[in-house]
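Notes follow once the structure below has been shown.
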Amino acid sequence: MNLRLWLDQVLDGHQKWTEEAGPYEVHDSLRVADTDVETALHELADRLRDNYPYFHPRYAGQMLKPPHPAAVAGYVATMLVNPNNHSLDGGPATARMEKEVMGQLAAMFGLDSYLGHLTTSGTIANLEALYVARQYHPDRGVAFSADSHYTHARMCGVLGMTGYPIPTDNAGRMDLAALEKQLLSGTVGTVVVTAGTTGLGAIDPVHEVLEMCTRFGVRVHVDAAYGGFFTLLAGLDGPEGLDPRPWSAISRCDSIVIDPHKHGLQPYGCGAVLFRDPATAQFFTHDSPYTYYTSKELHLGEISLECSRSGASAAALWLTLKLFPPTPDGLGQVLAAGRRAALNWSRHIEESEHLALYQPPDLDIVTYFPRLTPSRLSHIDAASARILHEGMAAAGNPVFVSLLRATAAGFTARHSNVIADISEARILRSVLMKPESENYVGILHSRIEELATAAS
Ligand SMILES: *Cc1c(COP(=O)(O)O)cnc(C)c1O
């Protein structure tokens with residue numbers, strides 16, 4: 001694992017390629033003195049210190065971690081060329097890599113035919129899926145669970161569609177009875193199911209929603225931005241194995257979004273959308289006067305809402321999937337470690353006198369709160385916030401978690417003994433998306449317990 005060495009290889013390779021084009025002069029207007037760059041880089045390094053240590057297992061807060069160094073090397077190698085995956089003219093090599101990785105992602109979900117491409121983010125990928133949903137059902141709206149990503153409601157607004165939030169059950173999953181009631185009203189054309197909610201990591205019952213939607217003639221979109229790669233653990237033996245039913249139903253849904261910049265070891269700027277029906281392409285055809293398409297082969301810009309997109313993102317993902325193929329034994333091992341970490345920490349929390357589990361984790365996100373007597377929401381809220389802040393501020397040995405707002409109704413549905421003296425309470429949440437968490441949860445648990453003891 002020597003990024004310095006890999007970057008040397010990258011720079012050598014790039015130099016060799018540029019030299020083949022023959023000599024040329026860099027324009028004077030672009031010249032900078034090495035010492036000026038050095039000074040500016042020092043200032044940048046200094047400014048960058050104002051960050052949390054996302055790379056370290058002591059950071060168990062939000063969905064943040066650096067890309068794999070190999071992805072960085074692949075990204076830099078390609079960024080030096082700066083291809084644009086909008087069209088084959090902008091980057092033939094990386095457009096083909098994008099088609100290859102889309103084939104791998106489609107195969108991972110079990111799709112045989114599909115239309116798909118990378119996007120700049122999960123939000124844009126979901127926007128695209130909802131745009132297609134609107135084209136299929138122009139006069140009907142979109143249902144999504146109350147725990148789904150907040151951008152679904154926002155994007156319904158952008159698209160001029162009505163969004164229908166569906167309540168969740170006491171495991172944070174879409175409530176089927178409530179969904180059925182909404183579907184009976186005839187107002188819904190598409191249901192968004194979330195395979196791994198952003199807050200709790202809950203997996204909506206994709207198979208049951210799909211069965212119901214098929215009965216009603218309603219489309220199903222799967223937002224697997226966070227959880228998508230966990231399909232690699234579906235049906236595996238061992239503690240990290242997941243119930244395969246929601247995952248195997250995904251291949252029969254209409255569209256899927258997955259974020260390689262979340263669990264695919266990529267830097268930001270890498271989401272993906274897949275449509276099961278290749279005929280979806282009809283909603284994207286355009287005839288721009290300035291994008292000179294030189295071949296009959298598919299140009300990705302023809303099936304995408306976005307125009308310019310980083311070819312480097314596609315190359316970085318392509319390189320990463322060479323090293324970590326999307327199989328249970330490849331990338332699956334990275335996710336399995338985080339899943340085991342979540343299960344182990346949950347066990348510690350359940351046995352703790354000072355902490356309680358909010359709900360068992362479906363994926364690698366643990367939600368918990370300080371055990372207090374009497375168990376008032378207002379006290380839980382204040383103590384959770386205090387633990388977060390004191391953990392971050394602990395000089396020399398900080399620990400980083402995050403907060404999640406739980407409604408009083410959601411809380412009491414899971415823990416009937418709490419006194420709901422306020423309408424919602426902040427609880428503690430830890431995303432264990434780094435495999436290093438597996439060997440660190442013991443330390444995390446004792447640190448948080450220490451902080452909780454001081455709170456009670
Ligand atoms: C992160 C996330 C999104 C948004 O994706 P971005 O890449 O941050 O735009 C959408 N849905 C879910 C479930 C997510 O976790």
Side-chain angles (χ1 to χ4, degrees), residues 54 61-67 71 101 105 109 116-133 142-159 163 165-166 168 171-174 190-206 209 220-231 242 246-247 250 253 255-274 304-306 309-310 313-314 316-317 335 338-339 342 361-367 402 404-405 429-434:
Y54 309 118
Q62 307 285 3
M63 293 169 171
L64 290 160
K65 66 172 181 179
V101 297
L105 295 178
F109 287 115
H117 61 87
L118 297 177
T119 61
T120 295
S121 68
T123 302
I124 296 296
N126 278 318
L127 169 67
E128 196 156 318
L130 294 188
Y131 159 73
V132 166
V142 177
F144 39 77
S145 95
D147 278 7
S148 71
H149 200 262
Y150 70 94
T151 50
H152 291 293
R154 178 184 288 179
M155 290 309 167
C156 280
V158 170
L159 292 163
I166 307 295
T168 48
R173 302 172 194 160
M174 184 181 273
T190 299
V191 174
V192 176
V193 281
T194 307
T197 56
T198 314
L200 298 166
I203 300 162
D204 281 342
V206 183
V209 172
V220 179
H221 168 61
V222 186
D223 181 359
Y226 185 72
F229 286 104
F230 279 95
T231 193
L242 302 177
W247 301 101
I250 290 179
C253 295
S255 49
I256 307 163
V257 159
I258 180 169
D259 259 355
H261 69 203
K262 281 201 180 125
H263 260 301
L265 309 174
Q266 299 308 294
Y268 287 119
C270 196
V273 63
L274 288 156
S304 158
L305 283 186
E306 292 177 273
R309 271 191 310 103
S310 152
S313 283
L317 181 57
L335 286 104
R339 172 86 184 122
D362 274 0
L363 296 178
D364 57 355
I365 301 174
V366 184
T367 48
S402 61
L404 178 71
R405 280 205 310 267
R429 166 178 171 267
S430 286
V431 178
L432 302 175
M433 69 190 309
K434 294 183 288 279

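Fair warning: this is a prediction, and the values are worked out from it, not measured in the lab. In each ligand, atom 1 is the first atom listed, and ligand 1 is the first ligand listed.
In this structure a side-chain-to-backbone donor-acceptor pair under 3.5 Å is missing from R309 to S304. A donor-acceptor distance shorter than 3.5 angstrom exists from the side chain of S313 to the backbone of G269, with no hydrogens or angles considered. Remark: side-chain polar atoms of H261 are paired, donor with acceptor, to backbone N or O of C270 under 3.5 angstrom.
The backbone and the side chain of S121 each have at least one atom closer than 4.0 Å to an atom of ligand 1 (non-hydrogen atoms only). Looking at T197 against ligand 1, nothing comes within 4.0 Å, counting heavy atoms.
For A225, the side-chain contact (heavy atoms from CB on, under 4.5 Å) partners at least two apart in sequence or on another chain are D223, V257, D259, K262.
Within ligand 1, the atoms closer than 4.0 Å to a non-hydrogen atom of T198 are 12 (C), 13 (C), 14 (C), 15 (O), numbered from 1 in the order shown. In summary, the atoms of ligand 1 found under 4.0 Å from a heavy atom of A225, numbered by their order in the structure, are 2 (C), 3 (C), 10 (C), 11 (N), 12 (C), 14 (C). Within ligand 1, counting atoms from 1 as listed, the ones closer than 4.0 Å to a heavy atom of Y226 are 15 (O). Short contacts between ligand 1 and G122, defined as distances under 4.0 Å to a heavy atom of the residue, involve ligand atoms 5 (O), 6 (P), 7 (O), 9 (O). Close approach to D259 involves these atoms of ligand 1, each under 4.0 Å from a residue heavy atom: 5 (O), 6 (P), 7 (O). For ligand 1, the atoms sitting less than 4.0 Å from at least one non-hydrogen atom of T123 are 4 (C), 5 (O), 6 (P), 9 (O), numbered in the order shown with element in parentheses.
Of the charged side-chain nitrogens involved, none lies within less than 4.0 Å of a carboxylate oxygen, so that D147 and R173 do not count as a salt-bridged pair.
Residue-to-ligand polar distances place D223 within reach of ligand 1: an N/O pair is separated by less than 3.5 Å. For ligand 1, none of its N or O atoms has an N or O atom of T194 under 3.5 Å away. Between H152 and ligand 1, a contact under 3.5 Å exists for no N or O pair.
The only option from N126, T194, T190 that meets the side-chain hydrogen bond (donor to acceptor under 3.5 Å, both in side chains) definition with H221 turns out to be N126.
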